[in-house]
2 protein chains.
Amino acid sequence: MESKLDLVFSALADPTRRAILTMLLEDDMAVTDVAEPFDISLAAISKHLAILSRAGLISQERRGRVKWCKLEPEALRPASVWMQAFGQFDEIDLDAFERFLERELDP
Amino acid sequence: MESKLDLVFSALADPTRRAILTMLLEDDMAVTDVAEPFDISLAAISKHLAILSRAGLISQERRGRVKWCKLEPEALRPASVWMQAFGQFDEIDLDAFERFLERELDP
DNA sequence: TCGATATTCAACCGTTCGGTTGACGATTGG
DNA sequence: CCAATCGTCAACCGAACGGTTGAATATCGA
């Protein structure tokens with residue numbers, strides 16, 4: 001059996017998937033709109049979304065022919081809790097976060 | 001070029017590697033001692049350690065014929081910061097962490 | 001109704017991953 | 001000196017990954 005932590009961390013290991021999650025911070029999106037900024041096929045994006053969905057990081061709801069993707073940030077909690085123990089990152093460095101966010105959205 | 005975040009998250013995606021990190025919370029360890037609790041070959045452990053090392057999550061220092069492995073928790077900071085933005089996990093749930101830790105050490 | 005739109009499926013491809021085994025290069029200690 | 005210990009390397013294996021293309025399935029809108 002595969003741990004949820006495995007699923008979450010390996011979902012996060014891909015930059016395309018992290019970029020998708022970042023986009024979904026703004027708002028829910030349809031699959032086609034998620035795919036738009038990327039240079040890869042829609043089918044590839046569909047697979048990425050399936051992986052994010054299996055990890056619980058997004059939920060997908062079909063309305064008509066459009067499938068809406070919604071960020072599920074709660075799914076990050078176990079992984080976040082796991083990590084915190086190793087580094088005692090009690091205070092969040094927001095400046096550092098914004099720098100990383102830029103680096104995520106950029107390429 | 002591969003992002004540091006890629007390296008850290010994919011290093012964490014494997015349960016054996018997470019278990020190794022957890023063991024190193026206690027103390028620095030030699031490669032052979034790291035391998036001891038696992039049912040896989042020493043060569044496999046050596047590869048896992050190389051992956052953790054490339055991700056910056058551990059450092060290795062050879063003294064004589066023994067190579068010592070040391071946890072480098074600072075390497076988790078970028079990943080931790082990245083995650084926090086999605087969930088606002090300002091307060092750490094230590095009970096939850098201990099439950100996860102047990103689940104990590106157990107199998 | 002019919003064409004366009006939205007998404008997935010299925011098959012395939014090359015690469016990476018986690019693992020093995022056996023040989024090998026150091027280093028140690030009796 | 002010499003055998004044992006520590007760890008890596010190299011070659012291999014099967015499975016999973018990230019991607020493609022083309023066909024298939026719904027659903028929408030005019």
Side-chain angles (χ1 to χ4, degrees), chain A residues 1-24 27-55 57-70 104 107, chain B residues 1-24 27-71 104 107:
Chain A
M1 70 208 77
E2 202 175 26
S3 153
K4 200 76 181 185
L5 237 36
D6 294 28
L7 291 175
V8 170
F9 280 129
S10 60
L12 295 178
D14 185 277
T16 300
R17 287 193 291 265
R18 288 198 306 276
I20 291 174
L21 293 178
T22 303
M23 291 165 55
L24 290 175
D27 206 354
D28 301 358
M29 295 179 81
V31 173
T32 305
D33 296 334
V34 169
E36 196 270 331
F38 298 98
D39 273 348
I40 61 180
S41 69
L42 188 60
I45 294 290
S46 184
K47 286 187 188 179
H48 280 304
L49 290 171
I51 289 170
L52 290 170
S53 188
R54 261 190 292 124
L57 292 167
I58 66 168
S59 58
Q60 293 182 290
E61 183 200 357
R62 172 153 245 137
R63 273 205 299 278
R65 69 183 157 180
V66 172
K67 198 170 195 176
W68 292 91
C69 304
K70 183 182 186 309
E104 283 302 307
Chain B
M1 69 210 78
E2 200 176 27
S3 153
K4 201 76 181 183
L5 237 37
D6 294 27
L7 292 176
V8 170
F9 280 129
S10 60
L12 295 179
D14 184 277
T16 299
R17 287 192 291 265
R18 288 197 307 276
I20 291 174
L21 292 178
T22 303
M23 289 164 55
L24 290 175
D27 205 354
D28 299 358
M29 295 178 80
V31 173
T32 305
D33 297 333
V34 169
E36 196 269 330
F38 299 98
D39 272 348
I40 61 180
S41 70
L42 187 60
I45 293 292
S46 183
K47 286 187 188 179
H48 280 305
L49 291 171
I51 288 171
L52 290 170
S53 188
R54 262 190 291 125
L57 292 167
I58 67 169
S59 58
Q60 294 181 290
E61 184 199 356
R62 170 154 248 136
R63 274 208 296 278
R65 70 182 156 181
V66 172
K67 198 171 196 176
W68 293 92
C69 305
K70 182 181 185 312
L71 188 63
E104 283 302 306

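Every chain is numbered from 1, with letters handed out A, B, ... down the list of sequences. Quantities reported herein were computed from a predicted structural model and do not represent experimental measurements.
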Item to check | Closest approach of A/Ser3 to B/Arg18 (non-hydrogen atoms, all atoms of both residues) | outcome: OG-NH2, 3.8 Å

Item to check | Heavy-atom pair of closest approach, residues A/Ile45 and A/Thr16 | outcome: CD1-CG2, 4.5 Å

Checklist entry - If every non-hydrogen atom of B/Leu7 is compared with every non-hydrogen atom of B/Ala55, which pair is closest and at what distance? => result O-CB, 3.7 Å

Checklist entry - With respect to A/Val31, which candidate in A/Arg62, A/Glu36, A/Lys67 satisfies the side-chain contact (heavy atoms from CB on, under 4.5 Å) definition? => result A/Lys67

Next on the checklist: Using a strict heavy-atom distance below 4.0 Å, which residues from residues 47-54 of chain B are in contact with DNA chain C?
Outcome noted: B/Lys47, B/His48, B/Ile51

Next on the checklist: How would you summarise protein contacts on nucleotides 22-30 of chain C per nucleotide, using B for base, S for sugar-phosphate only and - for none, with heavy-atom distances below 4.0 Å?
Outcome noted: -----BB--

Checklist entry - Between A/Val8, A/Leu21, A/Asp14, which is the residue that forms a side-chain contact (heavy atoms from CB on, under 4.5 Å) with A/Leu52? => result A/Leu21

Checklist outcome for this item: Separation between CG (B/Asp27) and NZ (B/Lys70), nearest 0.5 Å, reads 10.0 Å

Checklist outcome for this item: In whole angstroms, the gap separating C1' of C/dT15 from CG of A/Asp14 amounts to 14 Å

Next on the checklist: Output the rounded distance in Å from CZ (B/Arg18) to P (C/dG18).
Outcome noted: 12 Å

Item to check | Non-hydrogen atoms of A/Lys4 and A/Arg54 that approach each other most closely | outcome: NZ-O, 3.8 Å

Checklist outcome for this item: Note: A/Ser10 and A/Arg17 closest approach over all heavy atoms is O-NH2, 3.0 Å

Next on the checklist: Using a heavy-atom cut-off of 4.0 Å across all strands, would you classify B/Leu42 as base, sugar-phosphate, or nothing?
Outcome noted: base

Checklist entry - Under 4.0 Å between a side-chain N/O of A/Ser46 and OP1 or OP2 of C/dT8, yes or no? => result yes

Item to check | Residue pair B/Asp33 / B/Pro37: nearest heavy atoms and the distance that separates them | outcome: O-CD, 3.6 Å

Checklist outcome for this item: So CG of B/Leu12 and CD1 of B/Ile51: to nearest 0.5 Å the spacing works out to 11.5 Å

Checklist outcome for this item: chain A reaches DNA chain D, atoms under 4.0 Å from its heavy atoms, from D/dG18 to D/dC28

Checklist entry - Taking atom P of C/dC17 as reference, at what distance in whole Å does atom CZ of A/Phe9 sit? => result 18 Å

Item to check | Minimum side-chain heavy-atom gap A/Ile40-A/His48 below 4.5 Å | outcome: yes

Next on the checklist: Can you measure A/Glu61 atom CD to C/dT7 atom P for me and round it to whole angstrom units?
Outcome noted: 13 Å

